[in-house]
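Report on the following structure.
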Amino acid sequence: MATIPWLVDVLRAAGVQVVVEGDWLNRMRPGSFDPIGVLWHHTASTSSASNPHPALGICINGRPDLAGPLCQALVDYNGVFHVISAGRCNHAGVSGGSGPIPAGDGNTLMIGWEIDYNGANQEMTAAQYNASIAATAAVLTRLGRDSSYARGHRETSTTGKIDPSFIDLNVMRADVAAKMAGGGTTWSSIVDNTTAGRFTASANWGVSTFSTQRYGADYRYADPVAASDPAWYRFNVPAAGNYRVDAWWPTNSGYNSAAPYIIATTTGNRTVTVDQRVTGGQWRVLGTFALPAGDANRVAVSRWSNAAGLVIADAVRLTRV
Ligand SMILES: [Zn+2]
């Protein structure tokens with residue numbers, strides 16, 4: 001049986017924060033382990049700043065129906081990797097095959113990150129996402145595999161697993177690929193509501209500094225209305241291609257539960273609604289869209305929402321994928 005005693009060093013060399021959990025070099029399941037890829041999970045536990053790794057004990061010790069360890073590392077709320085095992089763990093079950101990962105014994109084939117968030121009404125934090133990307137890129141580089149060897153449990157599961165939730169796995173793989181390439185080739189641009197010449201909104205949109213979750217100095221807000229009065233973000237898109245669109249908004253219970261973002265794609269406008277009452281103060285993925293080249297209004301926040309609460313226009317980011 002092989003082990004991966006290099007894991008802690010490889011993670012630290014990649015700038016990932018690591019906590020070594022006890023005798024990780026000798027804590028493992030019996031059986032084969034010859035990993036060729038990384039498998040992403042969520043734990044289904046609710047983490048928070050005051051309780052950053054609620055599933056850590058279970059991942060180390062297992063549960064009545066499944067012997068531990070349950071993953072090689074747990075990724076806590078702050079993006080810290082808690083390294084639990086250098087060997088085989090009970091995280092993957094049977095692989096049905098996904099991408100280059102064949103069907104077979106998932107616990108032999110893959111190294112597992114359990115990202116500690118509940119996946120039902122909680123998404124992974126930006127810190128968890130960034131650490132997972134960096135760690136996955138570093139481990140796949142060590143294994144001599146490309147980003148396609150990173151999979152989500154819901155892609156390999158033969159038993160209907162849904163994890164990790166609230167994330168586009170193709171986007172996540174694209175970010176791993178960019179990281180492995182050195183990150184120098186990815187075009188990305190941010191337009192804030194204060195970016196000169198790139199943001200336009202009518203005087204119906206007020207200016208606020210109320211929430212400390214804002215991006216930059218302030219943000220704009222407006223009541224929902226059944227009329228067209230969008231706030232536009234203009235980008236100089238360098239080439240026709242696929243771009244990930246991320247949005248940043250501050251959160252408040254009085255904000256809109258179905259705020260429409262409009263993306264002007266090569267095949268017409270697409271609308272994505274987001275709940276601005278939650279998941280504020282961080283970049284949230286709206287999706288990946290085909291955009292034409294050129295300097296033009298590309299993304300809008302619309303006031304035309306059927307839901308109550310102020311519609312917020314703060315910052316938007318495009319990243320080529
Ligand atoms: Zn899982």
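Count residues from 1 along the sequence. Quick caveat, the model's predicted, so the values are computed rather than measured. Atoms within a ligand are numbered from 1 in the order they appear, just like the ligands themselves.
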Classify the angle between the aromatic ring planes of Tyr255 and Tyr219 as parallel (below 30°), tilted (30 to 60°) or perpendicular (above 60°). perpendicular
Please go through [X]'s hydrophobic cluster and name the other residues, only I, L, V, M, F, W, Y counting, with side-chain heavy atoms under 4.5 Å joining them.
| X | answer |
| --- | --- |
| Trp304 | none |
| Leu56 | Ile60, Leu74, Ile84 |
| Trp248 | Ile190, Tyr215, Trp283 |

With no hydrogens and no angle check, do the side chains of Asp163 and His153 hold a donor and an acceptor under 3.5 Å apart? yes
How about CZ on Arg270, more than 12 heavy atoms from neighbouring residues, nucleotides or ligands closer than 6.0 Å, or not?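 Atom CZ in Arg270 is not crowded, with 12 or fewer foreign heavy atoms closer than 6.0 Å.
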Protein-derived N, O or S atoms lying under 2.8 Å from the Zn ion (ligand 1), waters excluded: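 Number of qualifying protein atoms: 3.
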